[in-house]
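Read the numbers this way: they start at 1 and go in the same order the structure lists the ligands and their atoms.
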Amino acid sequence: MQSALDLDRRDRLAGFRKRFAIHDDRILYLDGNSLGRLPLKTVELVESLIHREWGERLIRSWNERWLDLPGRIAAKIASIIGAEKDEVFVGDSTSFNLYKLAFGALRYHSGRSKIVTDSLNFPSDLYILEGLIRNHFPDRTLETVGSDDDIHVDEQDIEDRLDANTALVALSLVTFKSSFMYDMARISQKARESGTLVLWDLSHAAGAVPVHLKDTHADLAVGCTYKYLNGGPGAPAFLYVRKELQEKLLNPVWGWFGHAKPFDFSPVYAPQSSIEKYRVGTPAVLSLAAVEPGLDMILEAGIDNIREKSLAQSRFLLDLIREYLVPEGFTIGTPEADNHRGSHVSVRHPEGYRINRAMIEPGDGSRQIIPDFRPPDNIRLGVAPLYTSFSDLFEAVARMKQITGEKLYESYGTEKLRVT
Ligand SMILES: Cc1ncc(COP(=O)(O)O)c(C=O)c1O
């Protein structure tokens with residue numbers, strides 16, 4: 001195995017790390033798959049926005065800058081996920097956007113009764129689909145494809161359920177717990193053959209793996225900007241609707257910003273015909289503006305280069321896990337095939353929660369390491385290639401080995417913190 005230091009020396013993306021706020025170099029951050037780091041440029045930009053655009057220019061800033069902001073940011077997201085700029089809307093949350101798109105898809109395919117998803121999908125996605133059935137479409141059924149090992153999903157099983165009676169297949173391109181990644185082209189192709197609308201949740205993929213919505217003929221997608229896109233806590237999400245579908249699908253939430261002429265203040269709703277019809281209310285300007293520097297860095301680094309480094313890092317990490325952690329009772333909770341793995345790596349251990357806490361709050365003066373935990377036993381190690389180094393990964397594994405070898409986790413409680 002090559003040494004971590006050697007790999008860091010040869011890393012062509014290493015220079016990006018210093019463009020993030022790293023207040024304390026002793027903290028080793030491996031949770032960029034949940035909340036990305038703060039770009040230094042964002043601090044400058046938000047400060048100037050608050051003082052100049054809000055403080056000085058006040059309401060005039062809407063015409064001067066803010067009305068154009070969503071379109072400009074959507075265009076940058078579009079180029080990261082392989083879409084056209086008039087196919088992406090940015091705003092609201094991922095869950096809310098999923099609701100808008102899934103509702104539209106079910107209304108469009110009123111004669112088809114099945115919705116297909118998988119058990120590894122993010123809970124919010126499953127709740128939204130259940131809620132739509134329960135509250136609006138009681139004649140539809142949700143088929144949730146299971147996973148034998150809680151790591152992989154059998155793509156054939158998904159494909160077999162896509163037929164003339166399937167309205168929608170809704171999947172996370174990269175699943176949140178195990179990092180399993182679908183073959184997007186394969187599923188989208190089968191969906192197209194059966195006339196099923198396909199809806200991808202790109203939250204764990206955007207900014208980490210190349211996504212080709214247009215080339216794979218994807219119909220619909222949603223995703224967040226606070227993970228690998230480094231947009232900030234609760235940053236606005238995005239949605240994508242293939243151009244030809246925009247006229248056909250209904251946005252069920254009629255707000256004034258989705259009106260063709262919002263500033264006519266007409267009492268009668270007349271939606272925009274473009275992707276802008278997915279707007280609902282006033283854009284969250286401060287958090288929207290904060291998304292842009294992260295996007296610029298992804299575009300500058302190039303998504304293919306990011307993926308190349310991410311794969312080199314997750315392979316390196318998996319080798320370390322096999323060598324040092326499997327003998328300590330850990331198992332690998334992530335697909336080992338490169339083409340089916342996103343950017344984070346999960347490792348499982350019956351004491352996963354307490355090991356995770358021992359990493360975050362060391363009682364022995366060791367370096368603080370921040371991964372996260374997903375029940376029942378997954379520690380997720382986030383590989384964010386713009387700022388994660390090979391040495392970070394080596395150090396995390398060495399510490400995990402020490403925590404289990406010396407049973408350091410035994411001094412931690414099992415009660416869960418509110419955010420794990
Ligand atoms: C895959 C996935 N989908 C949806 C969500 C929910 O996103 P939001 O809180 O923006 O609605 C998350 C949140 O982490 C997620 O990881």
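Listed by number with element, the atoms of ligand 1 under 4.0 angstrom from any heavy atom of Thr94 are 4 (C), 7 (O), 8 (P), 10 (O), 11 (O). Taking every heavy atom of Asp201 and a limit of under 4.0 angstrom, the matching atoms of ligand 1 come to 1 (C), 2 (C), 3 (N), 4 (C). Applying the 4.0 Å criterion to heavy atoms of Asp125 picks out, from ligand 1, the atoms 3 (N), 4 (C). Atom numbering of ligand 1 starts at 1 in the shown order; those under 4.0 Å from a heavy atom of His204 are 1 (C), 16 (O).
Counting all heavy atoms, side chain and backbone alike, Arg279 lies closest to Phe257 at CD-O, 3.1 Å.
At a heavy-atom distance under 4.0 Å, atoms from both the backbone and the side chain of Ser95 approach ligand 1. Contacts with ligand 1 closer than 4.0 Å are made by no heavy atom of Val222, backbone or side chain.
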Would you sort out whether Glu361 and Arg357 count as a salt bridge (charged side-chain N to carboxylate O under 4.0 Å, His left out), showing the intermediate values?
CA-CA 6 Å; Glu361 305 158 42; Arg357 286 204 53 193; 3.3 Å; yes
One pair to check against side chain to side chain contact (heavy atoms under 4.5 Å, CB included): Leu311 and Arg341. What are the steps and the verdict?
CA-CA 8 Å; Leu311 279 178; Arg341 187 174 66 250; 3.7 Å; yes
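Between the side chains of Asp150 and Ser147, not a single donor N or O lies within less than 3.5 Å of an accepting N or O. There is no side-chain donor-acceptor pair under 3.5 Å between Thr334 and Ser178.
In this structure, Arg242 does not pair ionically with Glu87, as no charged nitrogen and carboxylate oxygen lie closer than 4.0 Å. Salt-bridge annotation for Asp392 and Arg17: present, with a side-chain N of the basic residue lying under 4.0 Å from a carboxylate O of the acidic one.
Within the structure, ligand 1 has Tyr226 among the residues with a heavy atom less than 4.0 angstrom away.
For atom 12 (C) of ligand 1, the nearest protein heavy atom (residue, atom name, distance) is Phe122 CE2, 3.4 Å. Residue, atom and distance of the protein heavy atom nearest to atom 14 (O) of ligand 1 are Lys227 NZ, 3.1 Å.
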